[in-house]
Chemist: 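Would you mind keeping the following structure in view while I ask a few things?
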There are 2 protein chains.
Amino acid sequence: MSDAKRPKDQLKAHIRAQNQTLILETSERVFARQGLAKTTTQMIADEAGLPKANVHYYYRSKKDLLEAVLERILEMWLHSVSEFNVEEGPKRNLTRYISEKIDQSRDNKNASKVFAMALIGEEPFVLDYLRRLFVSELSREKATIETWVNEELMDPVPVEHLFISIWAMTQTYADFDAQVRIMLQKECLGESDYDEAKVFITRMVLAGCGVKELL
Amino acid sequence: MSDAKRPKDQLKAHIRAQNQTLILETSERVFARQGLAKTTTQMIADEAGLPKANVHYYYRSKKDLLEAVLERILEMWLHSVSEFNVEEGPKRNLTRYISEKIDQSRDNKNASKVFAMALIGEEPFVLDYLRRLFVSELSREKATIETWVNEELMDPVPVEHLFISIWAMTQTYADFDAQVRIMLQKECLGESDYDEAKVFITRMVLAGCGVKELL
DNA sequence: GTCTATAGGGAGATAGAC
DNA sequence: GTCTATCTCCCTATAGAC
């Protein structure tokens with residue numbers, strides 16, 4: 001085994017990475033549109049412009065493929081939402097958090113739907129992931145909020161329920177967008193709809209938490 | 001054709017009604033547990049203690065069966081949540097509405113999950129139903145809220161977004177209960193968890209809507 | 001790495017005896 | 001109305017030539 005890769009190997013690795021990305025991006029779209037169980041590897045192959053056997057070459061089974069898609073989504077999420085910054089206080093942090101979550105609903109609707117489908121179906125892969133990462137994530141945010149409560153910048157709140165509510169309110173614009181479109185009587189949502197959602201959700205959360213700070 | 005039914009017909013009608021109810025109740029449970037596409041008519045038949053052919057005798061196709069299940073869920077929902085009563089004012093009405101929605105999440109978890117699965121999968125049957133009934137329902141509630149706003153019992157609110165948020169927050173305890181259980185670190189939710197949810201959601205909604213009234 | 005052809009396994013649905 | 005046996009179709013996954 002030599003440390004320096006030969007050009008041939010580099011080319012192969014490049015092709016591999018390119019095809020895997022193509023397959024994962026296509027899968028996310030098809031899974032979101034068709035549902036996890038209804039999606040066939042043939043549909044994914046067709047939409048990616050590949051023969052079905054190639055999809056199975058890169059991902060041995062449909063289950064492996066779904067898990068790769070979910071892992072990609074969960075990684076992306078962890079890195080796309082800012083963590084709380086205790087010095088900035090609750091108002092700025094909660095406002096930014098809600099805004100970023102709504103942006104996610106708008107910009108990564110397919111990823112959000114696939115995640116929701118996997119969660120509602122209680123896919124073990126997703127539950128394990130949440131158990132490993134979400135709980136520790138939440139305990140950090142809980143500590144930050146308790147600091148703010150002690151500084152009397154906001155009222156005491158049930159932190160778990162607060163996050164459950166924020167996630168529910170923001171994700172619903174992606175996961176159940178069909179229902180949202182019917183209620184707003186629009187063919188598809190515009191920038192102003194997402195802005196109104198941000199403003200109203202922020203208003204409820206800040207008022208409900210009794211955020212005192214003016215700025 | 002005689003107007004008076006013969007005993008034989010009554011018996012047949014009774015057997016029919018009984019079997020249909022058994023099949024629908026079983027289906028709701030299995031659909032919720034397995035997902036709509038993964039559920040097989042064989043699973044439903046086994047769990048109902050019937051041969052598969054009997055399921056197909058009462059519901060020609062799996063699609064017909066799912067639609068019958070969904071219709072039953074939607075009918076139940078329409079009759080289980082109180083309408084707004086304008087004289088009672090926003091505080092009592094919103095508090096009761098949220099409480100009833102959380103009770104639904106707790107008591108009809110399977111129904112809620114099946115509905116969520118159908119909605120996220122954009123089943124045409126569900127979308128049509130929502131288009132026909134939800135929009136008119138919402139416009140009545142919108143009028144009531146505008147009355148309260150004019151009487152200065154609460155601040156002006158974007159009514160559509162308010163209902164989207166309330167539904168999202170309350171339904172999430174049924175639809176994504178796996179996530180909720182992980183966050184609360186409990187094997188299953190107890191009465192106190194649902195009560196805390198009710199109190200906190202109500203607090204956010206009343207504060208966010210600037211409900212003035214004290215009682 | 002790519003692709004055709006096919007094995008192997010179920011699922012939905014129904015025929016037809018009881 | 002009930003139930004067994006079966007038809008038909010299509011999906012996942014792989015073998016094997018290129």
Side-chain angles (χ1 to χ4, degrees), chain A residues 5-27 29-31 33-70 117-118 121 123 125, chain B residues 5-31 33-70 114 117-118 121 123 125:
Chain A
K5 282 177 184 162
R6 288 170 307 160
K8 218 173 185 176
D9 290 344
Q10 284 183 28
L11 179 61
K12 279 198 176 182
H14 178 69
I15 289 176
R16 167 164 280 268
Q18 208 169 23
N19 279 335
Q20 284 185 328
T21 304
L22 172 65
I23 291 169
L24 291 179
E25 284 175 352
T26 307
S27 300
R29 215 165 41 239
V30 181
F31 277 132
R33 200 172 57 229
Q34 297 284 338
L36 307 187
K38 272 201 209 149
T39 296
T40 67
T41 49
Q42 184 69 63
M43 289 175 198
I44 292 170
D46 289 347
E47 191 152 329
L50 294 170
K52 184 175 53 151
N54 283 30
V55 174
H56 277 98
Y57 174 74
Y58 287 104
Y59 298 95
R60 188 162 300 272
S61 68
K62 188 183 166 183
K63 181 167 164 289
D64 287 350
L65 176 52
L66 173 60
E67 293 185 356
V69 169
L70 288 169
M117 287 167 173
E123 291 278 333
F125 180 85
Chain B
K5 282 175 184 164
R6 288 172 308 162
K8 217 172 184 177
D9 292 344
Q10 283 182 28
L11 178 62
K12 280 200 176 181
H14 178 68
I15 290 176
R16 167 164 283 267
Q18 209 169 21
N19 279 334
Q20 284 185 328
T21 304
L22 172 64
I23 292 170
L24 291 179
E25 284 175 353
T26 308
S27 300
E28 185 182 288
R29 215 167 41 240
V30 181
F31 277 134
R33 199 171 58 229
Q34 297 284 339
L36 308 187
K38 271 202 211 147
T39 296
T40 68
T41 50
Q42 185 68 63
M43 292 175 198
I44 293 170
D46 288 348
E47 191 153 330
L50 293 172
K52 183 172 57 144
N54 283 29
V55 175
H56 277 99
Y57 173 74
Y58 287 105
Y59 299 95
R60 188 161 300 273
S61 68
K62 187 182 167 185
K63 181 167 164 286
D64 287 351
L65 176 53
L66 173 60
E67 293 185 356
V69 170
L70 288 169
V114 172
M117 287 167 173
E123 291 278 334
F125 180 84

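Chain letters run A, B, ... following the sequence lines, proteins first, then strands; residues in each count from 1.
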Chemist: Whole-Å distance between dT2(C) C1' and Tyr58(A) OH?
Modeler: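 Distance check: Tyr58(A) OH to dT2(C) C1' gives 9 Å.
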Chemist: Below 4.0 angstrom from OP1 or OP2 of dT14(D), is there any side-chain N or O of His56(A)?
Modeler: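 Looking at the OP1 and OP2 atoms of dT14(D), neither is under 4.0 Å from any side-chain N or O of His56(A).
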Chemist: Would you call Gln20(B) and Ile23(B) a side-chain contact if the rule is heavy atoms closer than 4.5 Å?
Modeler: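 No, their side chains stay 4.5 Å or more apart.
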Chemist: If I take atom NZ in residue Lys38(A) and atom C1' in nucleotide dG12(C), what distance separates them, rounded to the nearest angstrom?
Modeler: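 For the pair Lys38(A) NZ and dG12(C) C1', the rounded distance is 14 Å.
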Chemist: Give the rounded distance in Å between these two atoms: CG of Leu36(A) and P of dT12(D).
Modeler: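 Distance, rounded to whole Å: 13 Å.
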Chemist: Measuring to OP1 and OP2 of dC3(C), would you say a side-chain N or O of Tyr57(A) lies under 4.0 angstrom away?
Modeler: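 The answer is no; no side-chain N or O of Tyr57(A) sits under 4.0 Å from OP1 or OP2.
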Chemist: Whole angstrom is fine here: how far is it from CG in Asn54(A) over to P in dT2(C)?
Modeler: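 The answer, rounded to whole Å, is 5 Å.
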Chemist: Kindly say if Arg16(B) contacts the phosphate of dG1(D), meaning a side-chain N or O under 4.0 Å from OP1 or OP2.
Modeler: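 Answer is yes, contact under 4.0 Å.
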Chemist: So, does Lys62(A) use its side chain to make a donor-acceptor pair with the main chain of Thr39(A) at under 3.5 Å?
Modeler: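 A pair under 3.5 Å: yes.
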Chemist: When the distance from CD of Gln42(A) to C1' of dT12(D) is rounded to whole Å, what number comes out?
Modeler: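 That distance rounds to 11 Å.
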Chemist: Does this structure show an ion pair linking Lys63(B) with Glu67(B), if we count only N-O contacts that are shorter than 4.0 Å?
Modeler: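 Glu67(B) and Lys63(B): salt-bridged.
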Chemist: For Met43(A) and Arg60(A), take the nucleotide of DNA chain D holding the closest heavy atom to each; which residue's nucleotide lies nearer the 5' end?
Modeler: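 Result of the comparison: Met43(A).
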Chemist: Rounding to an integer number of Å, can you tell me how far Lys63(A) NZ sits from dC11(D) P?
Modeler: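 Whole-Å distance recorded here is 21 Å.
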Chemist: So if I take every side-chain heavy atom of Ser61(A) and compare against dG1(D), dG1(C), dA13(D), which nucleotide ends up nearest?
Modeler: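 Nearest to the side-chain atoms of Ser61(A), counting from C-beta on, is dA13(D).
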Chemist: Starting at atom NZ of Lys52(A), determine the distance to atom P of dA15(D), rounded to an integer number of angstrom.
Modeler: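 It is 14 Å, rounded to the nearest whole Å.
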Chemist: What are the two closest non-hydrogen atoms of Leu70(A) and Ala118(A), and how far apart are they?
Modeler: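 The pair with the smallest heavy-atom distance is CD2-CB, 3.8 Å.
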Chemist: When we call it a touch if two heavy atoms are under 4.0 Å apart, what does Tyr59(A) touch: a base, just sugar-phosphate, or nothing?
Modeler: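 Nothing, no heavy atom under 4.0 Å.
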Chemist: Are any of Thr40(B)'s side-chain N or O atoms less than 4.0 Å away from OP1 or OP2 of dA11(C)?
Modeler: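 Result: no.
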